[in-house]
Amino acid sequence: MTDEIPRPSDFIREIITEDQKTGKYEKRVHTRFPPEPNGYLHMGHAKSICLNFGIAQEFSGRCNLRFDDTNPEKEEQEYVNSIIDSVTWLGFDFGPEPFYASDYFDFMHRAAEYLISAGNAYVDSQSADEMRESRGTLTAPGKNSPFRDRSAEENLRLFREMREGRHADGAMVLRAKIDMASPNINMRDPAIYRIKRAEHHRTGDKWCIYPMYTYAHPIEDALENITHSICTLEFEDQRPFYDWLLERLAEGGLFRRPLPQQIEFARLNLSYTVLSKRKLIQLVNEGYVKGWDDPRMPTISGIRRRGYTPESIRNFCERIGVAKRDSMVDLGLLEFCIREDLNKRASRIMAVLRPLKVVLTNYPEEQEEVLDAINNPEDAAAGTRKVPFSRVLYIEQGDFREDPPKQFFRLAPGREVRLRYAYFITCEKVVRHEKTGEVIELHCSYDPATRGGDAPDNRKVKATLHWVSARHAVRAEVRLYDTLFTKAEPGEESGDFRADINPGSVEVLDSCFVEPSIANAGPGSRYQFERMGYFCVDKDSAGDKPVFNRTVTLKDTWAKIEKAKK
Ligand code: ATP
Ligand code: MG
């Protein structure tokens, strides 16, 4: 795959190339992907993973997987495990072990004590409200805290008391001493340590003070000798603090230069999708979906269960590229990428989703035969398989119309069509339900001379239908998905993304029939059901009843519908 696609070029790779030229980091490139383990990874994270690990690969560098687990309250081992699983599934290697920010708590604590002794941090005893008020606004400068000029000795003593648990949660915080009048609010003495009596998923109750994210993150980067710390745009205003902090610690000899540099890029936004852990947690907790790996979820575990391949996701991330300005990516592009990949690799099979019984009246009761079918027209090496044929078949309800409109070329009374790989059949009689009048069965005749699908007299038909043999087919459940939201930007109008949830985002068809060749396919196996789309075996499959998720339709019907709506 990488052979065909030229090496991507973007502003981040340009910066790195330039750093390589000047020897800023002695030609080292070391990136990291730093998720907070407070939810499952989503497609936005996939963009960041592909970027960070991709760059490391291209520049023969390294990329760390680092859990940014500085907030004890929302983090759980379940999330850690799912994140490791997702990164690995995407195809990236983070080395023997992931890193954990919590492993650096001792260092961070020492660094804080150093900042205090150097006069660069102080303990503030103001209440949270007082601190908020004195912070100022975008247009008005902040005011110095009355505690700002405590001596280093007093600050050290208080900070130690904080650590020893001598003060209540929220009673005081440690703040960096920078500039309350700075035009950048992030530089107005940001909090760097808070008191929080909370059990941490890795350090237990060792600590009752925890570092703030903005303080912890630069230190994590520097400790891991990261060269380029790539993050999303919302951290742009934090960059001056990132640099300030690392400079102060380098002055104190805690770090050596060159220090890591932060580079921001635009996050991924996908139409008809929400990409925020907070919102995804709501979807799970409030029961809009059945868990993090629901195939409608934009989580990596969800799209994986839906049938997406890691290659298609990596290809998608490469195509969307990296920019400095936020934008919205069309969901159709993601679908295009998976179609393109599965077209090359998925075996074709025949499956009937909404069955209509067809009896071939001139085909002997007990006779059956096996016909040769091509597994993948895009891949000769995929070979052929045998498909059983007999007197009673199922075709798709939608392939028959009693009163065919002009453009409808499929089966209709008196009309002849081709059954793929099999025979020409002609509809002779329509059988209806006694009471409802609904069409329940078709009686057709077949032409034995057309075996394999061609007429010796070169007679033409206008349609080829897929089918399964009723006696041989395996009953299956099929789950068809639509977008989880009805609006391209969920919540844009009402302010609540839940108002735009699509009530018809899943349709379950429980009496579908698939050809017997895939009866025992394991979860994750992917197929093209001819004419119906790409499907993937779901983990809910039970021995006698496979369950399939539709990954994506065959043609881009979605884009067409969208165009029609406009
Ligand atoms: P969310 O907004 O969903 O809560 P987050 O940014 O809080 O996500 P983190 O676990 O902190 O989640 O993210 C890990 C990394 O993934 C960060 O570097 C972050 O910038 C990046 N990331 C998160 N969302 C996106 C996105 N939509 N597009 C690109 N990168 C993202
Ligand atoms: Mg975050």
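As the structure lists them, so they are numbered: ligands from 1, and atoms in each ligand from 1. Counting begins at 1 with the first residue of the sequence.
Taking a cut-off of under 4.0 Å to the non-hydrogen atoms of P35, the atoms of ligand 1 that pass are 10 (O), 14 (C). Below 4.0 Å from some heavy atom of F33 lie the following atoms of ligand 1, by number and element: 14 (C), 15 (C), 16 (O). Per-residue contacts place S48 under 4.0 angstrom from the following atoms of ligand 1 (heavy atoms of the residue considered): 16 (O), 21 (C), 30 (N). Interface of F265 with ligand 1, defined as ligand atoms under 4.0 Å from a residue heavy atom, comprises 29 (C), 30 (N). Distances below 4.0 Å separate heavy atoms of T232 from the following atoms of ligand 1: 19 (C), 20 (O), 29 (C), 30 (N), 31 (C). Atom numbering of ligand 1 starts at 1 in the shown order; those under 4.0 Å from a heavy atom of E36 are 9 (P), 10 (O).
When non-hydrogen atoms are compared, ligand 1 lies under 4.0 Å from the side chain of H42 (C-beta onward) but not from its backbone.
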Applying ring pair (Phe, Tyr, Trp, His ring centres under 6.0 Å) to Y40 and H45, what does each step give before you reach the verdict? CA-CA 9 Å; Y40 281 58; H45 296 115; over 10 Å; no

Chi angles and distances behind the ring pair (Phe, Tyr, Trp, His ring centres under 6.0 Å) call for F99, Y104: CA-CA 10 Å; F99 294 79; Y104 311 138; 7.3 Å; no

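Summarising the contacts of atom 26 (C) of ligand 1 with P34, S229, C50, G44, the nearest heavy atom is found in G44. Looking at H45, K277, K279 and measuring to atom 7 (O) of ligand 1, the nearest heavy atom belongs to K277.
Ring to ring, F159 and H109 are close: their centroids are under 6.0 angstrom apart. Between F485 and Y272, the distance separating the two ring centers is not shorter than 6.0 angstrom.
The closest approach between R278 and ligand 1 stays at or above 4.0 Å for every heavy atom of the residue.
Scored by the salt bridge (charged side-chain N to carboxylate O under 4.0 Å, His left out) test, D189 finds R148 as partners (sequence neighbours excluded). Taking E18 as the reference, K21, T22 meet the side-chain contact (heavy atoms from CB on, under 4.5 Å) condition, with sequence neighbours excluded.
For the pair R526 and F535, the cation-pi criterion (under 6.0 Å, within 45° of the ring axis) is not fulfilled.
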